[in-house]
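Scroll down for the structure; my scribbles are underneath it.
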Amino acid sequence: MNVQTIMTNLEAKHPGEKEYLQAVREVLESIEEVYNQHPEFEKAKIVERLVEPDRIFKFRVVWVDDQGQVQVNLGYRVQYNAALGAYKGGLRFHPKVNESMLKFLGFEQIFKNSLTNLPLGGGKGGSDFDPVGKSDEEIMRFCQAFMYELWRNIGPDQDSPAGDVGVGGREIGYLYGAYKKIAREHSTGALTGKSYGWGGSLMRPEATGFGAIYYVVRMLKEKGEDIKGKTIALSGFGNVAWGAATKAVELGAKVVAISGPDGVCEIPGGINMEMINYMLDMRASNRNKVEDMATKFPTLCKFTAGKKSWSVKCDIACPSAFQNELSEADAKELIANGVQYVAEISNMGCQAEAIHAIQAAGIPFGPGKAVNAGGVATSGLEIAQNAAHYNWTAEEVDQKLHKIMNDIYDMCVQYGKQADGSINYVKGANIAGFMRVANAMMAQGII
Ligand code: 2IT
């Protein structure tokens with residue numbers, strides 16, 4: 001494989017699909033060396049097959065808002081690769097959603113799901129629907145309209161969506177209710193992230209953030225350090241930041257920043273449980289303003305409009321909101337302020353130049369597809385429980401999640417250890433994730 005030749009062809013075929021091309025380039029660059037040691041991969045055109053999704057569904061979603069106005073959105077589901085199992089991946093509702101964004105997320109999902117060692121293929125979907133400012137009824141009507149179209153293409157043995165940015169427990173409830181009504185399929189794993197009591201798994205809401213902190217703990221341990229007493233800057237205040245903050249505080253770390261599209265909330269004394277719980281109210285309000293935290297806790301937080309979490313001095317920086325949210329300039333500011341570790345909890349949270357700057361400074365960098373894999377892993381555990389018509393206890397799920405994250409960490413070290421003893425977690429995650437998919441594709445023939 002020649003990465004540049006493949007990228008030139010892809011750029012010509014998919015012009016302007018920035019995020020998709022960025023995600024593909026990052027993976028190809030890190031697997032190139034290993035790939036070229038396997039002439040059978042080249043002969044079977046594994047990479048050329050892997051970079052194009054199996055199929056993409058794109059559909060119109062029509063719904064009526066509270067004013068009686070007809071609204072028209074676009075819906076998508078990208079079924080990317082099923083070598084390891086039925087398609088699996090979240091749904092993102094955000095005004096910037098387009099095909100490129102969902103292709104990047106679906107492509108990343110293939111390798112992330114592979115890292116979990118569960119039988120999960122890769123997929124992603126969503127809509128350009130903007131949940132900000134929408135009423136609960138509008139959210140419900142939109143979810144129902146979205147499912148009118150999507151239901152035919154999903155199912156526990158076919159494709160199982162979950163949440164992502166803009167899609168949480170409430171949305172999954174409405175989507176699942178609509179799915180059951182239309183498909184007449186009940187108690188199945190056609191969607192994950194359901195609430196406990198009607199098919200959901202305990203610990204699924206916490207899983208992405210908890211898993212990420214389990215991974216970060218291992219990154220620190222590698223250097224003989226403990227998370228206790230470390231300061232952490234998170235971004236966003238959604239499900240991912242909420243779970244990470246909960247586990248970080250439990251382990252004695254201090255979360256000193258969260259953020260929103262409006263700015264950053266600095267929390268010099270560290271976030272407390274009351275504030276962490278308030279993050280849930282902030283999300284449910286659909287206002288999408290982190291300033292609400294400072295309004296509610298004025299003596300503990302300081303809000304600064306237009307600033308990001310990366311302007312706050314911290315030991316560990318964890319992007320946990322959106323792709324490309326941490327730029328090269330942000331990385332340099334973090335480095336100047338003494339950051340010791342960076343771990344992406346969002347998907348592709350760092351721009352490529354930011355990752356290069358962090359790695360060049362000798363700072364360990366954990367990539368999203370490994371760090372945040374606990375979310376989809378626990379979705380896999382939810383499907384397993386659904387198939388068995390059984391529920392595991394929170395301790396059982398957490399134990400399995402913890403083991404999966406430890407195994408992912410070990411695989412990243414195995415494939416990412418450099419000659420000088422340092423660990424390139426990006427390379428480790430990409431190679432480990434890729435090899436399992438490539439071997440499955442080889443075994444299943446040219447299809
Ligand atoms: O990016 C992700 O891994 C998710 N949004 C979760 C996917 C899932 O199917 O649980």
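By convention here, the first residue in the shown sequence is residue 1.
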Got a sec: does the CZ of Phe59 have more than 12 other heavy atoms crowding it under 6.0 Å? yes
So which of Thr231, Leu220, Val342, Val255 actually passes side-chain contact (heavy atoms from CB on, under 4.5 Å) with Ile316? Leu220
Heavy atoms, side chains only, cut-off 4.5 Å: are Ile363 and Ile335 in contact? yes
Going from OG on Ser379 to CZ on Arg204, what distance comes out if it is rounded to the nearest 0.5 angstrom? 3.5 Å
Within residues 232-250 or reaching into it, pairs that qualify as salt bridge (Lys or Arg N to Asp or Glu O under 4.0 Å) - sequence neighbours excluded: Lys247-Glu250
Contact list for residues 140-150, test salt bridge (Lys or Arg N to Asp or Glu O under 4.0 Å), sequence neighbours left out: Asp66-Arg141
Report the residues that fulfil side-chain contact (heavy atoms from CB on, under 4.5 Å) with Leu21, sequence neighbours left out, ordered by chain and then residue number. Met7, Leu10, Glu11
Taking the side chain as every heavy atom from C-beta outward, state whether Val376 and Thr116 have any pair of such atoms under 4.5 Å apart. yes
With under 30° as parallel and over 60° as perpendicular, where do the rings of Phe129 and Phe142 fit, or are they tilted in between? parallel
Side chain to side chain donor-acceptor pair (under 3.5 Å) partners for Ser235, two or more places apart: Glu325
Give me each pair satisfying ring pair (Phe, Tyr, Trp, His ring centres under 6.0 Å) with a member in residues 312-339, each pair once, sequence neighbours excluded. His94-Phe322
Walk me through whether His14 and Tyr20 qualify under side chain to side chain contact (heavy atoms under 4.5 Å, CB included). CA-CA 9 Å; His14 306 290; Tyr20 160 70; 3.7 Å; yes
Once you round to the nearest 0.5 Å, how far does CG of Asn386 lie from OG1 of Thr192? 8.5 Å
Residue from Tyr214, Tyr215, Phe210, Tyr409 passing ring pair (Phe, Tyr, Trp, His ring centres under 6.0 Å) with His402: Tyr214
Check whether Asn430 reaches the backbone of Val426 with its side chain - one donor and one acceptor, N or O, closer than 3.5 Å. yes
Could I get the full list of side chain to side chain donor-acceptor pair (under 3.5 Å) partners for Asn324, not counting sequence neighbours? Gln22
Once rounded to the nearest 0.5 Å, what's the spacing between atom CZ of Phe146 and atom CG of Leu175? 7.0 Å
Quick check with a 6.0 Å cut-off and a 45 degree axis cone: is Lys58 positioned over the face of Tyr76's six-membered ring? no
Whether the side chain of Asp262 engages the backbone of Glu291 through a donor-acceptor N/O pair (distance < 3.5 Å, no angle test) should be reported. yes
Hey, what do you get for CD1 (Ile182) to CZ (Arg184), rounding to the nearest 0.5 Å? 11.0 Å
Glu225 side, atom CD; Gln340 side, atom CD - distance, nearest 0.5 Å: 5.5 Å
Output the distance between atom OG (Ser327) and atom NZ (Lys308), rounded to the nearest 0.5 Å. 4.5 Å
Tell me yes or no: between the side chains of Asn347 and Lys369, is some donor less than 3.5 Å from an acceptor? no
Taking the side chain as every heavy atom from C-beta outward, state whether Phe104 and Lys18 have any atom pair closer than 4.5 Å. no
Is there side-chain contact between Pro161 and Leu150, with at least one heavy-atom pair below 4.5 Å? yes
